[in-house]
Amino acid sequence: MVLCNDRPKGFEMRNAVIITSSAQAEASVSGRLTTEFEAQLREANPGIRIVRRDVGVDTLPHLTAETVAAIRGTPQTDAELAARALSDALVGELQAADLIVIGSPMYNFGMSSTLKAWFDHVLRAGVTFRYTEAGPEGLLKNKKAVVIESRAGLYSEGAAAAMDSQEPHIRTLLEFMGIVDVTWVRAEKLAFGPDAAEESIAQATAELAGLADETLKLAA
Ligand SMILES: Cc1cc2nc3c(=O)[nH]c(=O)nc-3n(C[C@H](O)[C@H](O)[C@H](O)COP(=O)(O)O)c2cc1C
């Protein structure tokens, strides 16, 4: 894990947005770790405002003609305008956040389709990124992200690393919007037996506690 402490002195973290995306609600490892991290963030940063969206349970629509018109075009119909309003709300939460926390289960080697739907709603040309003569530019600057991943296998090293389509994809999407200061916390080997799972979850819990205490605390 790489901790990035490159904030200017006096930086204050006031706003966070938390996105969880497991289909399994209460039984979710990434959801549980995210909830614990939220509590630690609140304790370390009194006054922090946190918006939480569980897109794994309160799912967002997949792309349709209406949502594409809303997100990448000019909305006109009532359905398109409603889709634009939803995208605007999600983008507004992201723009307001100093910290973005994402809980991401691995499903079939990638992120959940529900988290992908969230990304589909917030990657907006001219709003969260733009194309310039020099190429694409992310428009969300000076933000930190913490991505909490849960998966049955081991992908951070070893033979299955090349099969990980979750972390590289999430990294690409965040970086495309300008969010380059990302800390990855992984609960892996969850299907390698109770001892391996317990050890991995304990390790992730310790990493998150350290992040909340040391990296993200409000400047005095
Ligand atoms: C539909 C489905 C597909 C999954 N695919 C994978 C996979 O490709 N690789 C893997 O390591 N684990 C896979 N898993 C296991 C989950 O990543 C694991 O149960 C993890 O804890 C899910 O996160 P959660 O507990 O936050 O819901 C899959 C689980 C489900 C339900």
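In listed order, ligands and their atoms are each counted from 1. All heavy atoms count here, side chains included; hydrogens, waters and symmetry mates do not.
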Going by distance only, is there an N or O of [X] that falls short of 3.5 Å from an N or O of ligand 1?
X      : value
Ala152 : yes
Pro105 : no
Ala23  : no
Gly153 : yes

Counting each atom of ligand 1 from 1 as listed, which ones have a heavy atom of [X] under 4.0 Å away?
X      : answer
Gln24  : 27 (O)
Ser22  : 24 (P), 26 (O), 27 (O)
Leu190 : 21 (O)

Protein contact to [atom] [nearest heavy atom, distance to 0.1 Å]:
atom                    : value
atom 23 (O) of ligand 1 : Ser150 OG, 2.7 Å
atom 8 (O) of ligand 1  : Phe109 N, 2.9 Å
atom 10 (C) of ligand 1 : Tyr155 OH, 3.3 Å
atom 5 (N) of ligand 1  : Asn108 N, 2.8 Å
atom 31 (C) of ligand 1 : Tyr107 CE2, 3.7 Å
atom 16 (C) of ligand 1 : Met106 O, 3.4 Å

Check: Val51 main-chain N/O paired with Glu93 side-chain donor or acceptor under 3.5 Å:
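Judged by distance alone, no pair lies under 3.5 Å.
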Donor-acceptor check, side chain of Ser200 to backbone of Ala196, threshold 3.5 angstrom: yes or no?
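Checking the backbone N and O of Ala196 against the side chain of Ser200, no donor-acceptor pair under 3.5 Å is found.
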Start with the C-alpha gap between Thr35 and Arg52, add the side-chain angles, then the distance that decides, and say whether side chain to side chain donor-acceptor pair (under 3.5 Å) holds.
CA-CA 10 Å; Thr35 297; Arg52 183 164 176 153; 3.2 Å; yes
Write down the atom of Ser21, the atom of Asp54, and the distance for their closest heavy-atom approach.
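It is N-OD1, 4.2 Å.
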Would you name the heavy atoms of Ser150 and Leu190 that are closest together and state the gap between them?
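Distance-wise, the nearest heavy atoms are CB-CD1, 4.0 Å.
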Does the distance from a Lys or Arg side-chain N to an Asp or Glu carboxylate O, for Glu80 and Arg84, drop under 4.0 Å?
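So Glu80 does not pair with Arg84 through a salt bridge.
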Step-by-step side chain to side chain donor-acceptor pair (under 3.5 Å) determination, Glu36 to Gln40:
CA-CA 6 Å; Glu36 287 170 10; Gln40 291 160 347; 5.4 Å; no
Met106: which of Glu167, Arg151, Glu149, Met111 passes side-chain contact (heavy atoms from CB on, under 4.5 Å):
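With Met106 as partner, Glu167, Arg151, Glu149, Met111 yield a single side-chain contact (heavy atoms from CB on, under 4.5 Å), made by Arg151.
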For the residue pair Phe129 and Phe176, does the interplanar ring angle fall in the parallel (under 30°), tilted (30 to 60°) or perpendicular (over 60°) class?
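Judged by the thresholds at 30° and 60°, the geometry between Phe129 and Phe176 is tilted.
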From atom 25 (O) of ligand 1, is the closest protein heavy-atom distance below 4.0 Å?
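Looking at atom 25 (O) of ligand 1, one finds that a protein heavy atom does lie closer than 4.0 Å.
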